[in-house]
S.K.: 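There's a structure below that I have some questions on.
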Amino acid sequence: MTHQVTATSNIDFGATGVDEILQNVAYILSTFVISCPLYGKRSKTDAPFYLTKRRNTARIIDSIKRFEPRAVVIDVDYLGDVFVGKLQPVVKVIVNE
């Protein structure tokens, strides 16, 4: 069964099974990778959108594989507006228990 997951800020401390795995994926999506993006590096904010999307998609897939291997990523899509500068990843996963 395919599940669609977005970032979350709610915690269910009693989650088990599939709900626990999906909650872990949601937390991975809500975690910032770089807390100070301009420190010591040239900013990548001026990169074309398609490159930024590819980098972010690769980071999301790698993070889920590393930190929640029970979830297999099927697709990564984005909601939001590029021109406003806010995109929210939506990940489709299959859960392997």
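Position 1 is the first residue of the sequence; numbering continues from there.
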S.K.: Could you state the interatomic distance from CD1 (Ile74) to CD (Gln4), rounded to the nearest 0.5 Å?
M.R.: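 It is 13.0 Å, given to the nearest 0.5 Å.
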S.K.: Examine Val18 and Val90 and state if one hydrophobic cluster contains both, with Ile, Leu, Val, Met, Phe, Trp and Tyr joined whenever side-chain heavy atoms are less than 4.5 Å apart.
M.R.: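 As far as the 4.5 Å side-chain criterion goes, Val90 and Val18 are not connected within one cluster.
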S.K.: Checking Asp62 now: which residues fulfil side chain to side chain contact (heavy atoms under 4.5 Å, CB included) with it, not counting sequence neighbours?
M.R.: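 Counting only residues at least two positions away or on another chain, Asp62 forms no side chain to side chain contact (heavy atoms under 4.5 Å, CB included).
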S.K.: Indicate, with yes or no, if Ile61 and Ile94 share a hydrophobic cluster defined by side-chain heavy-atom contacts under 4.5 Å among Ile, Leu, Val, Met, Phe, Trp and Tyr.
M.R.: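 Ile94 does not cluster with Ile61.
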S.K.: Under the rule for side-chain hydrogen bond (donor to acceptor under 3.5 Å, both in side chains), what residues qualify as partners of Asn56, not counting sequence neighbours?
M.R.: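 Counting only residues at least two positions away or on another chain, Asn56 forms a side-chain hydrogen bond (donor to acceptor under 3.5 Å, both in side chains) with Arg59, Tyr78.
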S.K.: Examine Val91 and Leu87 and state if one hydrophobic cluster contains both, with Ile, Leu, Val, Met, Phe, Trp and Tyr joined whenever side-chain heavy atoms are less than 4.5 Å apart.
M.R.: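 In one cluster: yes.
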S.K.: Does any part of the side chain of Val73, heavy atoms only, come nearer than 4.5 Å to the side chain of Lys92, both counted from C-beta?
M.R.: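 Not in contact.
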S.K.: When rounded to the nearest 0.5 angstrom, what distance separates CD1 in Ile60 from CG in Leu29?
M.R.: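 One finds 5.5 Å between CD1 of Ile60 and CG of Leu29.
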S.K.: For side chain to side chain contact (heavy atoms under 4.5 Å, CB included), just list the numbers for Val93 and Val72, CA-CA rounded to whole Å, side-chain angles, deciding distance to a tenth of an Å, and then say yes or no.
M.R.: CA-CA 5 Å; Val93 296; Val72 178; over 6 Å; no
S.K.: Using atom types as modelled, flag every donor-acceptor pair under 3.5 Å from a side chain in residues 20-28 to any protein atom, sequence neighbours excluded.
M.R.:
residue	atom	partner	partner atom	Å
Gln23	OE1	Asp12	N	2.8
Gln23	NE2	Asp12	O	3.4
Asn24	ND2	Glu20	O	3.4
Asn24	ND2	Glu68	OE1	2.6
Tyr27	OH	Asn10	O	3.4

S.K.: How long is the straight-line distance from CD1 of Ile64 back to CZ of Arg70, given to the nearest 0.5 Å?
M.R.: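 That separation rounds to 13.0 Å.
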S.K.: Starting from the C-alpha separation in whole Å, work towards a yes-or-no answer on side chain to side chain contact (heavy atoms under 4.5 Å, CB included) for Gln88 and Thr6.
M.R.: CA-CA 7 Å; Gln88 179 182 15; Thr6 58; 3.5 Å; yes
